[in-house]
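Please read the structure below before turning to the comments.
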Amino acid sequence: MRDTVLVSIDYNGKTNEGVLCVGRQLPNKGVTIVNAIDGPEAKDLFEKLITKKAVKK
């Protein structure tokens, strides 16, 4: 199985307005938007997705 999930954000930090879009692309298919999140929650979720976590040894 091969699947691609794409995340995009357009956010204005001054007004705390914006939207995070989640898309899905299957092989040889177009991108389908599967979810959109707006407001401060969009920024919070984006930060969680891009923040690296420490690796436990």
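Note that this is a predicted model, so its numbers are computed, not measured. Numbering of residues begins at 1 and proceeds along the displayed sequence.
Rounding to the nearest 0.5 angstrom, the gap separating the OG1 atom in T32 from the CG atom in L6 is 10.5 Å. Once rounded to the nearest 0.5 Å, the distance linking CG of L20 with CD of E47 reads 11.0 Å. With rounding to the nearest 0.5 angstrom, the NZ atom of K43 is 15.5 Å from the CD1 atom of I37.
Within a 6.0 Å sphere centred on CD of E41, heavy atoms belonging to other residues, nucleotides or ligands number 12 at most.
In the hydrophobic clustering of ILVMFWY residues, with side-chain heavy atoms under 4.5 Å counting as a link, V5 and I33 come out apart.
Taking 4.5 Å as the limit, every side-chain heavy atom of F46 sits out of range of all side-chain heavy atoms of S8. Side-chain contact between V19 and Y11 is absent, with no heavy-atom pair separated by less than 4.5 Å. A heavy-atom distance below 4.5 Å is found between the side chains of L26 and R24.
Here the shortest heavy-atom pairing between N16 and P40 reads O-CD, 3.9 Å.
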